[in-house]
Every structure is written in C-alpha cells, then in structure tokens.
Amino acid sequence: MTVLSGQVRKRGLNALLMYTFLMVVGFAMLMPLVSVHFVSNAGMAAAVVGGALALRQITQQGLALVGGMLADRFGVRPMICLGVLLRAAGFASLAFAGDAATLCVAMVVSALGGALFEAPYQAAIAALTTEQTRPRYYALSNWVSGIASTVGPLVGVALLHVDFQMVCLAAAACFALNCGIALWMLPPLARPEAPRLTTHRLGLVTRDRPFLLFTGLMMGYWFVAVQINISFPLLAERLSGNQESVGIMFALSAALTVLLQYHLLRVAQKWLSTQQILVLGVTIIALGAGAIALAHTFAAFLVCVAAFSIGAILVRPTMQNLIASMANPQALGTFLGFSSLSLALGGAIGNVTGGWLVEFSGARQWPQLPWMIFCAVGLLSAFGLYRLAPRAREAA
C-alpha cells in the first residue's frame with residue numbers, strides 16, 4: 001500500500017462518505033421495491049422473485065473474493081470504477097425486465113458490478129483509516145448510510161408514482177456518479193503486485209482459522225438480516241394494504257440509524273468489548289424478527305422493525321471494524337472479499353427461504369413459522385459468535 005499523508009487520507013475518506021451516500025441512496029430507492037413490484041405488479045411468484053434476489057446476492061458476494069484479489073493486483077480505484085458502471089447498467093436494465101429470465105439477467109449484471117466494487121471499497125476504508133480512527137469512521141459512515149437509507153426509499157416511492165422505470169434509471173444514475181467520485185477524488189491506494197502473489201494472499205486467508213470461523217458464523221446473521229428486503233416488505237404490504245408502507249418501514253429503520261448510530265455505539269463501547277457489542281446486536285436482531293410472529297397490526301410490526309433496526313445499528317459498524325482488524329494488511333482486498341462469502345451464502349439461503357416460507361406458511365395458515373425460524377437461526381449465530389469471541393480477540 002502507498003504511504004499517504006494525513007491530508008490525503010482525510011480527502012479520500014470524505015470522498016468515500018460522498019460515495020457511500022450515493023451508493024446507498026441508489027440501492028435503497030430501488031431494491032426494496034423489487035419484490036413488491038415484481039410480485040404485486042408483474043404477477044411473479046414470491047419464491048421466483050426471492051430466487052432472483054438470491055441469485056444477485058450469491059453472485060455478488062460469492063465473487064467478491066475475486067473483486068478483492070483483483071483490487072490487490074490492479075488497484076482499488078480501477079475496480080471501483082468498473083464495478084459501479086456495471087451496477088448502473090444492471091439497475092438500468094431492470095427497468096425493462098418483464099419476465100423471470102430478464103429479471104435474473106439484470107440481477108446478475110448488477111451483482112457482477114457489486115462484486116467488483118464492494119471489497120475494493122471496504123479495502124479503501126481500511127487503508128485510509130488507522131486502528132484508532134477506524135471505529136469512529138465506521139460509525140460515521142453508517143450514520144451517512146442511515147441518512148441515505150432514509151432518503152432512498154422515499155425517493156423510490158415518489159418516483160414509483162411516475163413509473164417503476166424511472167426508479168431504476170435514477171438508481172443507475174447514482175452509481176454512474178460514483179464512478180466520477182472514485183476517478184477524480186479517490187487517491188491511488190494499491191500498487192499492482194506480481195501475479196504469483198495471488199495464491200499467497202489466498203493462502204493467508206485459508207490458514208486463518210478464527211477468520212474462517214467468524215465468516216461462517218456471520219452466515220446466520222445475514223440469513224436473518226436479508227429478510228428486510230424480502231419477507232418484511234411483503235408482510236408490510238399485507239398488513240397495511242398498500243405499497244407505500246414499504247417506504248415507511250425503511251424510513252423508520254433509517255431514521256433510527258440517523259438518530260442513534262453514533263451515540264448508541266459510543267455508549268455501548270464504554271461498557272462492552274467490540275465482540276460483545278456484535279453478539280448483543282445479533283441477539284437483538286433475532287429477537288426483533290421473532291417478535292413479528294406476535295405482530296397482527298402494521299403498528300406492532302413497526303415496533304418489531306424498530307427493535308430489528310437497533311440491533312443492526314450495533315452490528316454493522318462493529319462487524320466492519322472486526323473484519324478490518326482481523327484482516328492481514330498484506331492482503332486486505334482478499335480478506336475483505338472472502339468475508340463477503342458469509343453474505344453470499346447466508347443471504348442467498350435467506351432470500352430463497354424467506355420467499356418460500358412466506359408462501360408456505362400462508363398456504364398452511366402458519367403465519368408465525370417464518371419468524372420463529374428466523375429468530376432461531378439468529379440466536380444460534382449469536383451463541384456461536386459468543387463462543388468465538390476469545391479467539392477473535394486474540395487474532396485482532
């Protein structure tokens with residue numbers, strides 16, 4: 001990695017905050033509406049749409065390791081630029097998806113873009129921060145994400161009144177703008193290295209047992225977390241009777257992030273270790289999802305969403321900080337790319353299972369079943385992370 005001055009680091013991190021805002025706005029204005037649009041308006045089965053979302057998830061996160069290795073090889077900035085342009089193309093093509101096949105193609109294109117830019121983006125943050133500044137920056141970055149998550153769904157729902165195509169094209173424009181930010185505002189961060197080092201970097205990951213266990217256990221967390229993009233919107237529409245409720249749900253989650261992200265994390269850090277905060281957050285998410293089994297009104301559902309969101313506030317920056325701290329500096333991109341496998345597998349299984357469980361439980365009149373399963377998986381993940389905490393602490 002290139003040695004950077006404090007001023008260059010600050011400018012790069014500010015650029016990444018702008019990048020983060022546009023990235024989350026673009027994603028949040030479109031992706032939560034995909035399940036609602038293609039199920040309610042296009043007439044596709046929830047399981048089919050869940051499968052398309054799972055395909056995007058497993059393609060993007062499954063190939064994120066490749067994106068990380070390419071970033072270590074060719075540099076962070078080129079991979080980010082190529083990735084966001086592919087994501088823009090994928091989102092734009094969703095505007096013209098009329099059947100399951102074209103939906104899946106659009107999802108794969110957007111996923112390939114995400115696979116190229118996600119690990120380099122995380123590697124850029126890890127490279128520009130230090131052990132001292134990293135926790136604060138992740139909290140700030142997630143606060144910016146919360147603002148963007150508030151704006152995104154509201155913009156998406158507003159544009160939905162015009163046309164779903166308009167939502168897709170606006171989301172694509174956000175990622176196209178990010179190419180300019182990365183190209184002109186982000187400093188060069190990685191020096192190209194010899195191809196022979198690729199296997200060496202991958203070997204550093206596969207020999208790191210605590211990191212491998214951590215990645216595996218986070219699959220359970222992602223299994224539950226992705227339900228906010230598939231099961232939650234479907235239930236929100238069912239309970240409220242209108243699609244605008246999806247925007248309200250995401251706005252509530254994002255508003256809590258904006259209000260609580262920075263301060264709640266600072267309070268937690270005074271009393272708990274990084275690993276303990278992560279375990280607590282995953283536990284709260286699991287219990288929030290499980291409580292939905294008892295929610296029979298949209299208002300009660302929003303209370304559960306609020307609890308779920310508070311858990312996510314604790315998990316997101318803590319997880320990012322732990323991954324960056326456990327990663328070997330000699331192969332940041334590779335480690336961060338490999339960590340995405342937890343989202344690839346756990347998220348894909350969660351999307352497919354979530355869509356299927358909604359239909360299955362509805363047909364059998366067992367409305368509590370999905371939420372009980374989500375709760376159980378989340379609690380098992382939290383228990384595993386609790387047992388792993390001493391090993392993760394030694395590795396960090």
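Hydrogens, waters and symmetry mates play no part in the numbers below; they use all other heavy atoms, side chains included.
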Are [X] and [Y] joined in one hydrophobic group, where the rule is that I, L, V, M, F, W and Y side chains link up if heavy atoms are under 4.5 Å apart?
X	Y	result
Leu177	Val155	yes
Val303	Val224	no
Leu280	Leu385	yes

Once you measure the plane-to-plane angle for [X] and [Y], does it fall in the parallel (<30°), tilted (30-60°) or perpendicular (>60°) bin?
X	Y	answer
Phe117	Phe175	tilted
Phe91	Phe27	tilted
Trp371	Phe374	perpendicular

*Tyr138/Trp143 aromatic ring centres below 6.0 Å*: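 No, the ring centres sit 6.0 Å or more apart.
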- Task: Verify whether the ring centers belonging to Phe164 and Phe96 lie closer than 6.0 Å.
- Result: no
Requested in this report: Return the set of residues passing side chain to side chain donor-acceptor pair (under 3.5 Å) with Ser110 (not counting sequence neighbours), or none when no residue passes.
Outcome: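 Scan of Ser110 (side chain to side chain donor-acceptor pair (under 3.5 Å), adjacent residues dropped) gives none.
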query = Is there a donor-acceptor contact under 3.5 Å from the side chain of Asn142 to the main chain of Ser145?
reply =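 Checked: no pair found.
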Practice task
Output, in order, the C-alpha distance, side-chain angles, deciding distance and verdict of side-chain contact (heavy atoms from CB on, under 4.5 Å) for Phe214 and Ile323.
Solution key: CA-CA 9 Å; Phe214 180 83; Ile323 291 172; 3.6 Å; yes
Does either side chain, that of Gln269 or that of Arg136, offer a donor lying less than 3.5 Å from an acceptor on the other one?
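The answer is no; no qualifying pair exists.
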Where do [X] and [Y] come nearest, in terms of heavy atoms and distance?
X	Y	value
Met107	Met31	CE-SD, 4.2 Å
Met18	Ile181	CB-CD1, 4.0 Å
Ala170	Met29	CB-SD, 3.7 Å

Just checking Arg134: does its CZ atom have more than 12 heavy atoms from other residues, nucleotides or ligands closer to it than 6.0 angstrom?
yes
(message) Can you tell me if Met185 has over 12 outside heavy atoms packed within less than 6.0 Å of its CE?
(response)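 Count over threshold, so yes.
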Determine, step by step, whether Tyr386 and Thr283 satisfy the side-chain contact (heavy atoms from CB on, under 4.5 Å) criterion, reporting the C-alpha distance in whole Å, the side-chain angles of both residues, the deciding distance to 0.1 Å, and the verdict.
CA-CA 10 Å; Tyr386 169 76; Thr283 301; over 6 Å; no
